[in-house]
Amino acid sequence: APFLSPDALTAFGMHDPDIFEHNRDVRESTYFLFTRVVKKLAERLLDRASSMEYLRSLSLSKELHACGVNMRHLGLIRKEIPESSSDPNVSYLRELMLREIVGRTLKQLLRDYMRRWMRSERSSSEFGLILLVTQFLNLTTGAHSNRDTFWNERVVTGIAQRFGIDALTDSDRRDLFGAIGSAASLK
């Protein structure tokens with residue numbers, strides 16, 4: 001595999017005489033990642049999913065990184081795992097992936113809320129941030145009146161932006177809060 005230029009597909013590389021080759025290499029590598037590596041990784045996870053012991057000790061980030069796949073592609077991998085399977089372990093694997101996707105998205109949303117609050121208030125007051133985090137936790141746990149809007153708009157949009165539109169099924173998108181609740185009951 002060729003070394004990939006970090007300036008490929010950016011304006012930084014426009015003066016590089018080899019820019020067309022660099023851009024081609026990145027496109028080819030991306031295509032290979034999406035069409036071969038992601039599918040092989042999904043197959044590997046499915047093969048190993050026959051063991052609940054494996055699933056209970058599974059670290060998705062370690063597994064993906066061991067195959068050279070960034071966590072932002074977890075949605076693509078989840079899409080390759082059969083949605084309707086009679087095997088409870090496969091369902092459990094899909095739910096593990098969903099929880100990881102949602103957890104990472106919630107973390108990013110909280111960081112974004114904190115940044116925007118500090119910018120708008122021109123403050124990093126501990127008390128103000130505690131109130132903000134409390135409100136955020138109420139939104140995430142369902143103890144806030146705007147729970148449905150938060151989950152069905154903010155969280156779903158955040159997942160689509162971070163992990164791709166295919167990270168969620170239509171059913172997940174309709175009731176993500178419920179999907180996460182049912183995922184937690186699978187433990």
Is it the case that one hydrophobic cluster holds both [X] and [Y], taking links as side-chain heavy atoms less than 4.5 Å apart, direct or via other members?
| X | Y | value |
| --- | --- | --- |
| Met97 | Leu46 | yes |
| Trp117 | Leu131 | no |
| Val133 | Leu109 | yes |
| Val38 | Val26 | no |

Answer yes or no: is there a donor N or O on one side and an acceptor on the other, between the side chain of [X] and the main chain of [Y], under 3.5 Å?
| X | Y | result |
| --- | --- | --- |
| Arg147 | Thr140 | no |
| Asn146 | Thr149 | no |
| Thr10 | Pro6 | no |
| Arg173 | Ile165 | yes |
| Asp47 | Arg44 | no |
| Asn89 | Ala49 | yes |
| Thr157 | Arg154 | no |
| His65 | Ser61 | yes |
| Trp151 | Leu139 | yes |
| Asp112 | Gln108 | no |

Distance, nearest 0.5 Å, that separates [atom1] of [X] from [atom2] of [Y]:
| X | Y | atom1 | atom2 | value |
| --- | --- | --- | --- | --- |
| Glu28 | Asn23 | CD | CG | 11.0 Å |
| Glu95 | Glu100 | CD | CD | 13.5 Å |
| Leu106 | Ile101 | CG | CD1 | 12.0 Å |
| Lys107 | Arg162 | NZ | CZ | 7.0 Å |
| Leu129 | Met114 | CG | CE | 5.0 Å |
| Lys39 | Leu41 | NZ | CG | 12.0 Å |

Quick one: closest heavy-atom pair of [X] and [Y], and the distance?
| X | Y | value |
| --- | --- | --- |
| Ile81 | Arg94 | O-NH1, 3.0 Å |
| Leu93 | Leu58 | CD1-CD2, 3.9 Å |
| Ala167 | Gly75 | CB-CA, 3.6 Å |

Side-chain touch [X]/[Y], heavy atoms, less than 4.5 angstrom:
| X | Y | answer |
| --- | --- | --- |
| Leu176 | Leu98 | yes |
| Leu4 | Ser29 | yes |
| Arg27 | Leu9 | yes |
| Met14 | Ile19 | no |
| Leu64 | Asn70 | no |
| Leu45 | Tyr54 | yes |
| Glu43 | Glu80 | no |
| Pro82 | Val90 | yes |

Which is it for His22 and Asp7 under the side-chain hydrogen bond (donor to acceptor under 3.5 Å, both in side chains) test, yes or no, and what are the steps along the way?
CA-CA 8 Å; His22 294 317; Asp7 296 333; over 6 Å; no
Is it true that, when you exclude Phe34 itself, more than 12 heavy atoms of the residues, nucleotides or ligands shown sit nearer than 6.0 Å to its CZ?
yes
Evaluate side chain to side chain contact (heavy atoms under 4.5 Å, CB included) for Val69 paired with Leu74, printing each intermediate quantity in order.
CA-CA 8 Å; Val69 178; Leu74 185 57; over 6 Å; no
Within 45° cone of Phe163 ring axis and under 6.0 Å: Arg72 NZ or CZ:
no
Check whether the ring centres of Phe150 and Phe136 lie less than 6.0 Å apart, and answer yes or no.
yes
Cationic N near anionic O, under 4.0 Å, Asp172 to Arg78
yes
